[in-house]
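In what follows, a structure is listed as structure tokens, so that the remarks can point back to it.
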Amino acid sequence: MSVDKEKTEAVRKRVFELIAAEFESDAAFERVVGLPDKTVNNWRRGRSASFMKMLPKLSEVFRMPVSEILDMPLSQTAAELSEEEWHLLRLYRHTRTLPKGRRIALTKTVEAVINLYLSENLK
């Protein structure tokens, strides 16, 4: 398998993970994105790789940069991140498999805890 095919397969798998994590069904995803019926089914069967052309739209739908869909590391600020920040980023990326509501709740909880610690340290 060539590198391009391997990368396409990796992205295909990632798109399916994201669809499963955020939508009740392929049909629900297709409705939200405005895709014709059976598009995801064609992706699953390898009949189409049109998801590769749709990465900007998928980025909007899944509320994440294209680089995350491609599972590529952040490059713009990579040099600025400490090991602890990388660790938190890796942990947060694992939450992508959670249902949307739980991911939002977890994010708000982490934010509240950080704000609590910051406010206590300012006293």
side-chain contact (heavy atoms from CB on, under 4.5 Å) between F51 and T8, intermediate numbers included: CA-CA 9 Å; F51 54 87; T8 299; 3.9 Å; yes
Check the pair V15 / M54 against side-chain contact (heavy atoms from CB on, under 4.5 Å), numbers first and verdict last. CA-CA 11 Å; V15 168; M54 296 181 56; over 6 Å; no
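R12 contributes no side-chain N or O that, together with a main-chain N or O of A49, makes up a donor-acceptor pair within less than 3.5 Å.
Applying the side chain to side chain donor-acceptor pair (under 3.5 Å) rule to S59 yields no partners; only residues at least two apart in sequence or on another chain are considered. Taking the salt bridge (Lys or Arg N to Asp or Glu O under 4.0 Å) definition, one finds that R103 meets it with nothing, sequence neighbours left out. Applying the side chain to side chain contact (heavy atoms under 4.5 Å, CB included) rule to L55 yields the partners V11, L58, V66, I69, L70; only residues at least two apart in sequence or on another chain are considered. Under the ring pair (Phe, Tyr, Trp, His ring centres under 6.0 Å) criterion, F29 pairs with F23, F62, not counting sequence neighbours. In terms of the side chain to side chain donor-acceptor pair (under 3.5 Å) criterion, residue partners of N41 (sequence neighbours excluded) are, by chain and number, R45. Partners of E17 according to the salt bridge (Lys or Arg N to Asp or Glu O under 4.0 Å) rule, which considers only residues two or more places apart in sequence or in another chain, are R14.
Transitive grouping of hydrophobic side chains (ILVMFWY, heavy atoms separated by less than 4.5 Å) brings I114 and L106 into a common cluster. Side-chain heavy atoms closer than 4.5 Å link hydrophobic residues (I, L, V, M, F, W, Y) into clusters, and following such links, even through other members, never connects M64 to L88. The cluster map of Ile, Leu, Val, Met, Phe, Trp and Tyr, joined by side-chain heavy atoms under 4.5 Å apart, puts L18 and I104 in different clusters.
Note that CG of N42 and CG of L35 are 11.0 Å apart. Values are rounded to the nearest 0.5 Å. Atom OG1 of T95 and atom NZ of K100 lie 13.5 Å apart (nearest 0.5 Å).
Applying the side chain to side chain donor-acceptor pair (under 3.5 Å) test to every pair with at least one member in residues 18-36, sequence neighbours left out, gives these pairs: E22-R63, D26-R44.
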